[in-house]
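Working notes, structure below.
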Number of protein chains: 2
Amino acid sequence: MKKFAMTFKALSDETRLRILSLLNQGELCVCDLMAVLQLPQSTVSRHLAYLRNANLISDRREGVWMYYRLEEKLPTLEEQSWESLFSQLLKQEQAEKDFVELKHYLAEKKGTRCV
Amino acid sequence: MKKFAMTFKALSDETRLRILSLLNQGELCVCDLMAVLQLPQSTVSRHLAYLRNANLISDRREGVWMYYRLEEKLPTLEEQSWESLFSQLLKQEQAEKDFVELKHYLAEKKGTRCV
DNA sequence: CAATCTTATCCGCTTATGCGGATCTATGTC
DNA sequence: GACATAGATCCGCATAAGCGGATAAGATTG
């Protein structure tokens, strides 16, 4: 559950979405992104680090240049439907706990209104 | 682009993911959610408002009770693949601007390294 | 209308996060 | 080793967002 929230958080920033869109065109280095996005180096680096920590992108060094690309497993993720993703969410430990709790609660409630 | 970021932001909180999971089981009222999640009323209300503003859920009043349910269009969204969602992201005005910029940049760059 | 119940919103506080300049680290060349 | 370049990280700042208690608002009943 926390993992899902983390992934969504990584996607919740416009700059990061722009970066992901550009990386979808192919591998790019920091300076490429800086030029296209017209953003300072530190800003780009920070966002790339965030996306890498969220396992959405990976990097490789070539001399002084760092190249970034979309994580390979992302395409696999692309083939999943929201339903599939959502069902994964529903299988999370916390979600299952909540469902059990919901059942107990609704059984107790039994047509009455809020306890 | 901003809209995508907003939606992802709405999904980036664990409590809100729990709420969505529960609402997937069917329509519930605030007091139901309070009881199951063991959270104060104000917290639940705040998150529900956030999800409603993100158009992920909708509400109806029945007397003093407010019932919430997953937005109807969400199931439709569930049928989309990540690829489909991603391609929508790529069609955003900002993304297209970035791609044009990327082309120009790469043409200028032409095999050389960062400018 | 007052009282009661449910819920939305306000409020003050704490924590998280975005920003960009400065500085540190890694790599390459002479 | 000195110097240059690219990029990661630090740092201070501003803003956003999460929390829960208090309060305001909406609905119902006597």
Side-chain angles (χ1 to χ4, degrees), chain A residues 1-2 4-20 22-23 27-54 56-69 94 105 109 112-115, chain B residues 1-2 4-20 22-23 27-54 56-69 94 105 109 112-115:
Chain A
M1 199 63 106
K2 279 183 168 51
F4 277 88
M6 268 187 58
T7 300
F8 287 131
K9 185 155 297 199
L11 297 170
S12 65
D13 178 73
E14 193 182 358
T15 302
R16 289 201 285 275
L17 287 179
R18 289 176 73 190
I19 288 171
L20 288 172
L22 288 172
L23 290 183
E27 190 181 55
L28 296 168
C29 70
V30 180
C31 51
D32 292 335
L33 291 166
M34 279 167 63
V36 174
L37 297 171
Q38 293 291 300
L39 289 174
Q41 180 266 319
S42 67
T43 301
V44 175
S45 275
R46 257 194 322 95
H47 285 302
L48 289 169
Y50 198 101
L51 291 170
R52 189 183 56 232
N53 289 336
L56 294 178
I57 63 175
S58 50
D59 58 14
R60 68 177 178 90
R61 180 177 281 276
E62 188 173 304
V64 298
W65 292 279
M66 290 294 289
Y67 286 89
Y68 289 83
R69 62 186 182 277
Q94 182 64 63
Y105 169 76
K109 188 177 169 180
T112 67
R113 284 283 159 77
C114 309
V115 290
Chain B
M1 200 62 106
K2 278 183 168 52
F4 277 86
M6 268 187 59
T7 299
F8 286 130
K9 184 155 295 195
L11 297 171
S12 66
D13 178 74
E14 192 182 357
T15 302
R16 288 200 286 275
L17 287 179
R18 289 175 73 188
I19 288 172
L20 288 172
L22 286 173
L23 290 183
E27 188 181 58
L28 296 168
C29 70
V30 179
C31 50
D32 291 335
L33 291 166
M34 280 168 61
V36 173
L37 296 171
Q38 292 291 301
L39 289 173
Q41 180 267 319
S42 66
T43 301
V44 175
S45 275
R46 254 193 324 97
H47 285 303
L48 289 168
Y50 200 100
L51 291 169
R52 189 183 58 235
N53 290 336
L56 294 177
I57 64 175
S58 49
D59 57 14
R60 68 176 178 91
R61 182 178 278 278
E62 186 174 306
V64 298
W65 291 278
M66 289 295 287
Y67 286 89
Y68 289 83
R69 63 186 182 278
Q94 183 64 63
Y105 169 76
K109 188 178 169 180
T112 68
R113 283 285 157 81
C114 309
V115 290

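Letters A, B, ... are given to chains in the order of the sequence lines, protein chains preceding strands, and every chain is numbered from 1.
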Between CE of A:Met34 and P of D:dA8 the distance, given in whole Å, is 11 Å

Reported CG-to-CG distance for the pair B:Leu37 and B:Leu22, which is rounded to 0.5 angstrom: 5.5 Å

Enumerate all atom pairs, one protein N or O and one N or O from nucleotides 16-20 of chain C, separated by less than 3.5 Å.
unit_1 : atom_1 : unit_2  : atom_2 : d
C:dT17 : OP1    : A:Lys9  : NZ     : 3.3
C:dG18 : OP1    : A:Arg16 : NH1    : 3.4
C:dG18 : OP1    : A:Arg16 : NH2    : 2.8
C:dC19 : OP2    : A:Arg46 : NH2    : 3.2
C:dC19 : OP2    : A:His47 : NE2    : 2.3
C:dG20 : OP2    : A:Thr43 : OG1    : 2.6
C:dG20 : N7     : A:Ser42 : OG     : 3.4

Using the salt bridge (Lys or Arg N to Asp or Glu O under 4.0 Å) rule, collect all pairs that involve residues 35-52 of chain A, keeping only residues at least two apart or in two chains. A:Arg52-A:Asp59

Nearest-angstrom distance from the residue atom CG of A:Leu37 to C1' of D:dG7: 16 Å

Restricting to side chain to side chain contact (heavy atoms under 4.5 Å, CB included), what partner residues turn up for A:Ala5, sequence neighbours left out? B:Leu17

Using a 4.0 Å heavy-atom cut-off, write out nucleotides 23-30 of chain D from 5' to 3' as B (base contacted by protein), S (sugar-phosphate only) or - (no contact). ---BBS--

Measure CD1/B:Ile57 against C1'/C:dA8 and give the value in whole Å, please. 13 Å

Length of the CG-C1' vector between A:Leu28 and D:dA6, whole Å: 16 Å

Please check this pair: side chain of B:Asn53 against backbone of B:Tyr50, looking for a donor-acceptor N/O pair closer than 3.5 Å. no

OG1 of A:Thr15 to CG of A:Leu48: how many Å apart, nearest 0.5 Å? 11.0 Å

Roughly, in whole Å, what's the span from CZ in A:Arg52 to P in D:dG7? 13 Å

Atom-pair distance (CH2 on A:Trp65; C1' on D:dA8), nearest Å: 17 Å

For A:Leu33 and D:dA6, give me the distance from atom CG to atom P, rounded to whole Å. 15 Å

Atom of B:Phe8, atom of A:Leu11 and distance for their closest heavy-atom approach: CD1-O, 3.2 Å

side-chain hydrogen bond (donor to acceptor under 3.5 Å, both in side chains) partners for B:Arg60, two or more places apart: B:Glu27, B:Glu62

Nearest-angstrom distance from the residue atom OH of A:Tyr67 to C1' of D:dA8: 17 Å

Hits for side-chain hydrogen bond (donor to acceptor under 3.5 Å, both in side chains) against B:Ser42, two or more places apart or cross-chain, chain-then-number order -> none

When rounded to the nearest 0.5 angstrom, what is the spacing between CD in A:Gln38 and OH in B:Tyr105? 10.5 Å

